[in-house]
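First up is the structure itself, then whatever we jot down about it.
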Amino acid sequence: MDVRELLAGLYSEQGRQDPYPFYAALHELGPIREIPNRAANSTVAAVAGGYDLVSEVLRDPEWTKQSPPGWEQHEILRTFESSMMFINPPDHTRMRAVFAKTFTPRRLGALEPVIDRITDRLLDRMAEAGAGGGEVDFVADFAYPIPALVMAEFIGLPEADLSWYRERVERIDDFLDVAGATPERLAKADTAATELRAYYRELIADRRRTPSEDLVSGLVEAVDSGGVDLTEDELISNLIVLFNASFVTTVYMFSNGLPLLLDHPEVAAALPGDDKLTLGCVDEVLRMQSPVHFLARAAPRDAVLNGVPVAEGENVMLLIAAANRDPARFPDPDRFDPRRGGPPSLAFGVGLHYCLGAAVSRLEGRLALPRLFTRFPELRITQTPVYSGSLFLRGIDKLFVTTGG
């Protein structure tokens, strides 16, 4: 297959369900391939899946994100374009500096008892639901609520609002997929962003009246005092994006990881009491089943990447999930090996836009997975996993299990 056939395969239903054979075929063509005869309105000049090349471009601050045309006309795009995740320096640097101060070792340490408490509460619920051999949806009852409840407590969202909040997040995620930019999905994402912005305005007003110990209270105080270089609108945009980015990766880390771990029962059984092995499992799950599959970066000037020309302003599609299975960097890349050496995966990105929530996600995995297998050593999957159907954010959305009594 040439690169156009590979991309067509990736975008197909078959590719969305299992993209990895297409990534393997791409590796046979080299670390990067030009897209020939592309559509006249396409700015994507090439597709890259080689680990070293993808990492190099992501680390280069001159390769930037491009704003989509007409972004000023849509609430969801205005939200993205006023958040650190979607913009370039110097605004990115200014905003990230504010939020980086919140992900300190002290704050992470304070999250450990929160994660333990939430995990044990959810395991109790799973035990009750699974009593007598009943099925439990592992995603709905464990993988989703752990990061959602942890981030809600960290940021300061009432738990009672999470169901309402999740519906709006899902509309935004649908729009972010490669096939998501339809007028219907854009309209739903715009509505979701409008509602979330109104929600945060009310929350901020409440914290001004009654401050708490949460992240929103601290940031509101800093913004009002002039202690940080951030407007209230930018604060809202970043809270929306931060919450979504900080828990979606963790949801899919848990749901994508469970089948891998259950396929290796000796590993799952060894997790309790072995932090090093558990972190190795977390990292290997993220490598093999990266929740975010691709990013794009635009060339700052005419460039040549491994022999492929990219004109100034044109984009390269960077296939993170393919890079994480590059056989040149990960021998036998389709084998699950939590003690694997080699470079770190690119699941959380690298460089300027490295995910701020990566440390929280890894902490949740390190604490929650051993507790899961201690409580349910007979955990079993009962139905075929249901994947999201998205290639941008790919993961298992439904995963029915029995707890084994």
Side-chain angles (χ1 to χ4, degrees), residues 102-131 134 136-170 203 212-218 239 242-258 261 268 271-275 278-279 281-282 285-286 291 348 355-377 379 395-401 403-404:
T102 68
F103 288 89
T104 62
R106 181 183 64 81
R107 279 187 177 270
L108 287 175
L111 278 179
E112 290 201 23
V114 174
I115 295 168
D116 287 342
R117 167 170 48 83
I118 288 171
T119 301
D120 288 342
R121 172 181 152 199
L122 294 171
L123 292 174
D124 287 343
R125 289 185 184 177
M126 286 180 64
E128 184 178 350
V136 177
D137 184 347
F138 178 75
V139 178
D141 294 334
F142 188 88
Y144 177 86
I146 285 182
L149 290 168
V150 169
M151 285 308 298
E153 189 158 331
F154 181 65
I155 291 175
L157 306 185
E159 182 178 337
D161 295 346
L162 285 179
S163 178
W164 176 92
Y165 200 105
R166 182 181 185 180
E167 292 178 16
R168 279 121 194 105
V169 167
E170 288 175 346
L203 185 64
S212 181
E213 296 297 319
D214 55 48
L215 177 65
V216 171
S217 296
L239 287 170
L242 177 67
F243 185 89
N244 193 29
S246 296
F247 85 86
V248 169
T249 324
T250 313
V251 173
Y252 287 156
M253 176 191 72
F254 284 129
S255 65
N256 292 347
L258 186 64
L261 289 167
L271 292 184
D274 193 333
D275 280 357
T278 303
L279 278 174
C281 285
V282 168
V285 166
L286 290 167
F348 291 116
C355 178
L356 268 179
V360 177
S361 183
R362 295 178 84 240
L363 179 64
E364 289 169 331
R366 177 174 70 81
L367 296 176
L369 285 173
R371 298 174 99 85
L372 172 70
F373 289 108
T374 297
R375 187 70 176 270
F376 303 126
L379 194 69
I396 296 173
D397 279 346
K398 287 189 180 297
L399 183 62
F400 289 94
V401 300
T403 60

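- The ring pair (Phe, Tyr, Trp, His ring centres under 6.0 Å) check on Phe142 picks up Phe138, Phe254, with sequence neighbours excluded.
- Every residue two or more places apart in sequence or in another chain that forms a side chain to side chain contact (heavy atoms under 4.5 Å, CB included) with Asp397 is listed here: Tyr252, Ser388.
- Here the shortest heavy-atom pairing between Thr278 and Pro370 reads OG1-CG, 3.6 Å.
- Applying the side chain to side chain contact (heavy atoms under 4.5 Å, CB included) test to Asp137 and every residue at least two apart in sequence or in another chain returns Val139, Ala140, Lys398, Phe400.
- For Asp116, the side chain to side chain donor-acceptor pair (under 3.5 Å) partners at least two apart in sequence or on another chain are Arg371.
- From Cys281, atom SG reaches atom CG of Leu271 across 4.5 Å, with rounding to the nearest 0.5 Å.
- For the atom pair CG (Leu149) and CG (Leu157), the distance works out to 10.5 Å, reported to the nearest 0.5 Å.
- Of the inter-residue distances, the one linking Ile115 atom CD1 with Asp120 atom CG reads 12.0 Å to the nearest 0.5 angstrom.
- Residue Leu258 holds its CG atom at 5.5 Å from CZ of Phe373, rounded to the nearest 0.5 Å.
- Partners of Glu167 according to the salt bridge (Lys or Arg N to Asp or Glu O under 4.0 Å) rule, which considers only residues two or more places apart in sequence or in another chain, do not exist here.
- The distance from the CD1 atom of Ile396 to the CG atom of Asn256 is 5.0 Å, given to the nearest 0.5 Å.
- The stretch residues 356-370 participates, sequence neighbours left out, in these side-chain hydrogen bond (donor to acceptor under 3.5 Å, both in side chains) pairs: Glu112-Arg366, Thr250-Ser361, Thr250-Glu364, Asp275-Arg366, Asp283-Arg362.
- The structure places CG of Leu372 at 8.0 Å from CD1 of Ile146, a figure rounded to the nearest 0.5 Å.
- In this structure, the side chain to side chain contact (heavy atoms under 4.5 Å, CB included) partners of Ala148, at least two apart in sequence or on a different chain, are Tyr144, Leu162.
- Legend: residues meeting side chain to side chain donor-acceptor pair (under 3.5 Å) with Glu128, ordered by chain and number and at least two apart, are absent.
- For residues 151-161, every residue pair satisfying the side-chain hydrogen bond (donor to acceptor under 3.5 Å, both in side chains) rule, not counting sequence neighbours, is listed here: Arg117-Glu153, Arg121-Glu159, Asp161-Tyr199.
- Under the rule for a side chain to side chain donor-acceptor pair (under 3.5 Å), the partners of Asp214 that lie at least two apart in sequence or sit in another chain are Arg207, Ser217.
- By the side chain to side chain contact (heavy atoms under 4.5 Å, CB included) test, Ala127 is found to be paired with Arg375, Phe376, residues two or more places apart in sequence or in another chain being considered.
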Next item on the list: Could you walk me through whether Thr119 and Leu367 pass the side chain to side chain contact (heavy atoms under 4.5 Å, CB included) test, one step at a time?
Entry: CA-CA 8 Å; Thr119 301; Leu367 296 176; 5.8 Å; no
